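The structure appears below as structure tokens.
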There are 2 protein chains.
Amino acid sequence: MAKAYERIADDLRSSIRAGQLKPGDRLPAETKLVERYGKTLPTVREALRLLRDEGLIDKQHGRGNFVRRPRTKVLRTNARHQWEKDRAREPERERQQTGATEHDTGLQVNDLVFYAVYRDVEAKGELAEAFGLPEGTTLVERSYRTRYAAESAPFNLVTSYLPRDLVAENPDLLDETREPWPGGTQNQLFTVGIELDRIEERVTARPPTPEEAEELELPAGTAVLLLRKTSYDTEGRVVEISDVTLPGDRTEVLFTTPLERW
Amino acid sequence: MAKAYERIADDLRSSIRAGQLKPGDRLPAETKLVERYGKTLPTVREALRLLRDEGLIDKQHGRGNFVRRPRTKVLRTNARHQWEKDRAREPERERQQTGATEHDTGLQVNDLVFYAVYRDVEAKGELAEAFGLPEGTTLVERSYRTRYAAESAPFNLVTSYLPRDLVAENPDLLDETREPWPGGTQNQLFTVGIELDRIEERVTARPPTPEEAEELELPAGTAVLLLRKTSYDTEGRVVEISDVTLPGDRTEVLFTTPLERW
DNA sequence: GAGTGGTCTAGACCACTGT
DNA sequence: CAGTGGTCTAGACCACTCC
């Protein structure tokens, strides 16, 4: 015998999948569902919680339960890396026009609000290992937030690390007030003589922490994509690592792998 | 004033993050937590549900609540595509040795259990569009499940589509009993004269559907990675599309982007 | 059988939304 | 103010685990 709250959830889920309840539609009030299914309120609410956790409905206090609308996607491609590399040696006037984020989103610089904080940290454990540096090495930790001017939530959370010694010869690279830097990280590295050879990106997914859900304004029933970007220079050194947290319900990461011809 | 169940969840979450409760540790019984926090059982259970949905704890009926251990990762790289292409023209004896999954996991062919089902479907809506084919075009839909011999859950769910006309000249390609095919899809396409030029992979994340959670044996508080792989041949045609569902808590997708030298 | 979590009932009171 | 969802209490009974 199926559990009562599962029966109710299954029934409502079918209605949504079959399109009898369309995105944006309000579900019957919880008290109506109590009548319809002959169960008590907590049981009905348990069913609705399942659907919310699956990302199928939004609960709105005082208004009702609504079938969720899919969010429009932001595409992030790996073509951005070559594009940024090509830009890195151009004159500042060129570099100021547009950045990698604009390249991805198709937006203008003025549509975006940008915010950066730098601080020094010591490389520890997993991070020291990823850099191939001894524990305790000083890193510059740079936190970035970028959002649409018209929205309140940033569309990603970025924490980037650079070995301090590698970039210290250009003091501007230690100064957060120089952000947003025209030409991005690859131009910053170019100013201290570093050329990138390749970029590795590792992607996983998990539910958001409460802090992430808060900052990205994620509704319940969404996941985050975690992307760790590791940049190697032409001497094989790891010169930068970025951890990027992306809302799973609005982000699509696109990677193109070219193949050698026969 | 913070809500009671959030206070309890915050308190337990802090203990877990600070390491006072380590992975594998059992939390105090729910009745003990009722005493400790001076709240009723449903309130305590609400707090524990939050932690479960965040993937921090596992609830085990009759045993207790336990701090979750991280699962070991399966790595899927984009180097597999060039690797598979190189293999595609080799003699069958070579191709039989090992496949792309073994290449990713480092396992032997005998460690894996493989299962495939083929059927014909009509391209509709989004799928027809992705192929650039008219709606109603016949596709071969191929469903794959691969799992470790020692485990019961597959480590991914794959649905692959091929335009039927493109591959029908080799009847073996319509025969599911020929799977697992030595050399994989790229060799299958090679037998009908198709060479791949590039592969695009789009990645998103979301909570699992109940069906996915069931088949992949996902505990609550995990997410799935969705990967859509689109293969283009040397004439620019889309010749294959695969939708892959991967458990977010055990899969890491690694993409390497090489950059042109200055 | 003792201990633990899972399901469900019945109902009180609070908080938010829209008229 | 009416309608809706959010929080919390109090307690019954069931199901699973382990000794």
Side-chain angles (χ1 to χ4, degrees), chain A residues 1-13 16 21 24-69 152 210 213-214 217-221, chain B residues 1-13 16 21 24-69 152 210 213-214 217-221:
Chain A
M1 187 210 64
K3 285 155 258 176
Y5 69 91
E6 284 185 356
R7 278 203 317 99
I8 299 172
D10 288 349
D11 192 51
L12 292 170
R13 192 186 298 111
I16 294 171
L21 289 167
D25 281 2
R26 215 200 78 181
L27 274 63
E30 299 185 351
T31 50
K32 300 288 179 197
L33 294 173
V34 165
E35 290 171 29
R36 181 198 299 183
Y37 292 105
K39 295 288 163 182
T40 58
L41 222 189
T43 303
V44 164
R45 290 175 58 77
E46 178 73 18
L48 292 172
R49 185 202 308 272
L50 282 185
L51 300 182
R52 188 205 56 175
D53 289 346
E54 291 166 22
L56 283 178
I57 67 170
D58 282 317
K59 311 207 80 185
Q60 295 183 33
H61 194 170
R63 304 220 314 129
N65 297 294
F66 296 83
V67 180
R68 187 177 292 182
R69 300 172 194 275
S152 58
E214 157 109 44
E217 293 176 17
L218 295 176
Chain B
M1 184 211 66
K3 285 154 258 175
Y5 69 91
E6 283 185 357
R7 277 203 317 101
I8 300 173
D10 288 348
D11 192 50
L12 293 170
R13 193 186 298 110
I16 293 171
L21 288 167
D25 280 2
R26 214 200 78 183
L27 274 63
E30 300 186 350
T31 50
K32 301 287 178 197
L33 294 174
V34 166
E35 289 172 28
R36 181 197 298 183
Y37 293 105
K39 295 289 164 183
T40 58
L41 223 188
T43 302
V44 165
R45 290 176 58 76
E46 179 72 18
L48 293 172
R49 186 202 306 272
L50 282 186
L51 300 182
R52 189 205 56 177
D53 288 346
E54 291 166 22
L56 283 178
I57 67 171
D58 281 318
K59 311 207 79 185
Q60 295 184 31
H61 194 172
R63 304 221 312 130
N65 296 296
F66 297 83
V67 179
R68 187 177 291 181
R69 300 173 195 275
S152 59
E214 157 111 45
E217 294 176 15
L218 296 176

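Just so you know, these numbers come straight off a predicted model, no measurement behind them.
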Pairwise N/O distances under 3.5 Å, protein to nucleotides 14-19 of chain C:
from: C:dA15; atom 1: N3; to: A:H61; atom 2: NE2; distance (Å): 2.9
from: C:dG18; atom 1: OP1; to: A:R63; atom 2: NH1; distance (Å): 3.1

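Every residue two or more places apart in sequence or in another chain was checked for a salt bridge (Lys or Arg N to Asp or Glu O under 4.0 Å) with B:D11, and none qualifies. Looking at residues two or more places apart in sequence or on another chain, you find a side chain to side chain donor-acceptor pair (under 3.5 Å) between A:D58 and A:R68. With sequence neighbours left out, B:R63 forms a side chain to side chain contact (heavy atoms under 4.5 Å, CB included) with B:Q60, B:F66. Remark: A:D10 pairs with A:R13 by the salt bridge (Lys or Arg N to Asp or Glu O under 4.0 Å) rule, at least two apart or across chains. In this view, B:E6 and B:K3 satisfy the salt bridge (Lys or Arg N to Asp or Glu O under 4.0 Å) rule, not counting sequence neighbours. The side chain to side chain contact (heavy atoms under 4.5 Å, CB included) test applied to A:R45 returns A:E30, A:L41, A:K59, not counting sequence neighbours. With sequence neighbours left out, the side chain to side chain contact (heavy atoms under 4.5 Å, CB included) criterion links B:E217 to B:S152, B:A153.
The interatomic distance linking A:R49 (CZ) with C:dC8 (P) rounds to 14 Å, in whole Å. Atoms NZ (B:K3) and P (D:dT9) sit 15 Å apart, rounded to a whole Å.
A close approach under 4.0 Å does occur between a side-chain nitrogen or oxygen of B:N65 and OP1 or OP2 of C:dG5. Listed pair A:K59 / D:dG6 meets the phosphate criterion, a side-chain N or O lying under 4.0 Å from OP1 or OP2.
Side-chain atoms of B:Y5 lie closest to D:dC8 of the nucleotides D:dG6, C:dG6, D:dC8.
Rounded to the nearest 0.5 angstrom, B:I8 CD1 and B:L51 CG are separated by 10.0 Å.
Within residues 24-47 of chain B, the residues approached by DNA chain C to less than 4.0 Å at the level of any non-hydrogen atom are B:R26, B:A29, B:E30, B:R45, in residue-number order.
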